[in-house]
Visitor: 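Structure in structure tokens, see below.
Computed over heavy atoms, backbone and side chain alike; hydrogens, waters and symmetry mates excluded.
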Amino acid sequence: MSTSLRLEPITPANVDAALELRVHPHQVKNVAPVERSLAEAYAHGETAWPRLVFDGEELVGFLMAFVDIQWNPEKDPADRRSGLWRLNIGAGHQGKGYGRFAVDAVREELVRRGARELYVCWEPGEHGPAEFYRRLGFRETGERSGGQTVGVLEIGAEER
């Protein structure tokens, strides 16, 4: 994997490239497009953390984390969670470690913010990302969110 990987915020200079990012056609049903994610990031303000994944000067992916949201306020108003909301790695860039880098970057950001768990939801079924997340250590919680499988990864938290 490249040593020039980094995350960048979405800016006027890179937003057009972000909007052009596409996953494999068979994955389209599994993840929302970047434009929807950016609209949701705008609507959710400080609880959304969208970033672009670059390898050198080349855009290879998009991620969006959620930070300290009420998970299911009707069931348990005190249940607050953080995790990976979206992960889109460009079709020509998959299988090169960019997804792992993105998850690790979200883990680092959430640990920095004091989180102890990193949640993710995924579409079950063929061409879904279940095996990818399992290889990274996520375990299924037994919950469903909007029809998606919920997974969690224990990430600890640095003492403050």
Side-chain angles (χ1 to χ4, degrees), residues 1 5-12 14-15 18-19 21 23 27-54 59-90 94 97-160:
M1 183 171 22
L5 293 176
R6 69 184 190 289
L7 296 184
E8 294 287 335
I10 291 80
T11 67
N14 63 29
V15 70
L19 295 172
L21 188 71
V23 297
Q27 296 170 325
V28 169
K29 67 180 176 61
N30 295 327
V31 65
V34 173
E35 54 267 18
R36 178 179 174 100
S37 296
L38 291 178
E40 290 173 334
Y42 177 81
H44 289 274
E46 295 301 312
T47 62
W49 192 71
R51 294 293 186 268
L52 297 177
V53 181
F54 281 90
L59 175 63
V60 298
F62 168 84
L63 69 82
M64 187 163 68
F66 59 92
V67 181
D68 197 33
I69 64 164
Q70 281 189 302
W71 185 254
N72 187 344
E74 296 81 29
K75 183 177 176 185
D76 182 359
D79 185 7
R80 301 190 76 85
R81 300 183 186 185
S82 298
L84 181 62
W85 193 348
R86 296 278 160 58
L87 179 58
N88 304 53
I89 301 298
Q94 295 181 12
Y98 299 132
R100 177 180 290 275
F101 169 80
V103 172
D104 286 344
V106 169
R107 176 187 307 144
E108 289 173 17
E109 178 65 18
L110 294 182
V111 166
R112 185 184 73 73
R113 293 175 183 237
R116 297 187 176 280
E117 298 171 314
L118 189 164
Y119 285 86
V120 67
C121 299
W122 64 79
E123 287 290 333
E126 188 178 14
H127 302 299
E131 287 308 311
F132 168 75
Y133 290 120
R134 287 185 190 115
R135 281 193 310 271
L136 294 179
F138 285 87
R139 66 173 173 75
E140 294 182 25
T141 65
E143 299 169 286
R144 306 285 280 173
S145 177
Q148 295 184 328
T149 302
V150 178
V152 66
L153 179 67
E154 303 297 323
I155 59 174
E158 298 174 351
E159 293 299 318
R160 295 183 178 226

Visitor: What are the two closest non-hydrogen atoms of F66 and L110, and how far apart are they?
Guide: O-CD2, 4.2 Å

Visitor: How close do A18 and L52 get, counting heavy atoms only, and between which atoms?
Guide: CB-CD2, 3.6 Å

Visitor: With sequence neighbours left out, what residues match E143 under side-chain contact (heavy atoms from CB on, under 4.5 Å)?
Guide: W71, R81, T141, V150

Visitor: Does the R80 side chain pair with the main chain of D68, one donor and one acceptor, at a distance under 3.5 Å?
Guide: yes

Visitor: Considering all heavy atoms of both residues, which atom of V106 and which atom of A65 are nearest to each other, and what is their separation?
Guide: CG1-CB, 4.0 Å

Visitor: Only one of F132, Y133, F138, W85 clears ring-ring contact (aromatic ring centres under 6.0 Å, His included) with W122; which?
Guide: Y133

Visitor: Could you tell me if the side chain of L7 sits less than 4.5 Å from the side chain of L63, heavy atoms only?
Guide: yes

Visitor: If a pair satisfies side chain to side chain donor-acceptor pair (under 3.5 Å) and one of its residues is in residues 36-50, list it, with sequence neighbours excluded.
Guide: R36-E40, S37-R86, E40-R86

Visitor: I need the minimum non-hydrogen distance between V103 and L84, along with the two atoms involved.
Guide: CG2-CD2, 3.9 Å

Visitor: What is the distance from atom CG of L87 to atom OH of Y98, rounded to the nearest 0.5 Å?
Guide: 13.5 Å

Visitor: For the atom pair CZ (R51) and CZ (R6), what is the distance rounded to the nearest 0.5 Å?
Guide: 13.0 Å

Visitor: Could you tell me whether a side-chain N or O of N88 sits under 3.5 Å from a main-chain N or O of A32, the two making a donor and an acceptor?
Guide: yes

Visitor: Quick one: pull up CG in D79 and CD in Q70 and give me the separation to the nearest 0.5 Å.
Guide: 9.0 Å

Visitor: Using side-chain heavy atoms (C-beta onward) and a distance below 4.5 Å, is V15 in contact with L38?
Guide: yes

Visitor: Quick one: CD on E109 to CG on L118, what's the gap to the nearest 0.5 Å?
Guide: 11.0 Å

Visitor: Check whether any side-chain heavy atom of L153 lies under 4.5 Å from a side-chain heavy atom of E117, and answer yes or no.
Guide: no

Visitor: Taking all atoms of both residues into account, what is the closest heavy-atom pair of F62 and I10, and its distance?
Guide: CE1-CD1, 4.1 Å

Visitor: Identify whether the distance between the nearest side-chain nitrogen and carboxylate oxygen of R112 and E108 falls below 4.0 Å.
Guide: no

Visitor: To the nearest 0.5 Å, tell me how far R100 CZ sits from I89 CD1.
Guide: 12.5 Å

Visitor: For G147 and P124, work out which heavy atoms get closest and say how close.
Guide: O-CD, 3.9 Å

Visitor: Taking salt bridge (Lys or Arg N to Asp or Glu O under 4.0 Å) as the definition, give me every residue that meets it alongside E140, ordered by chain and number, with sequence neighbours left out.
Guide: R134

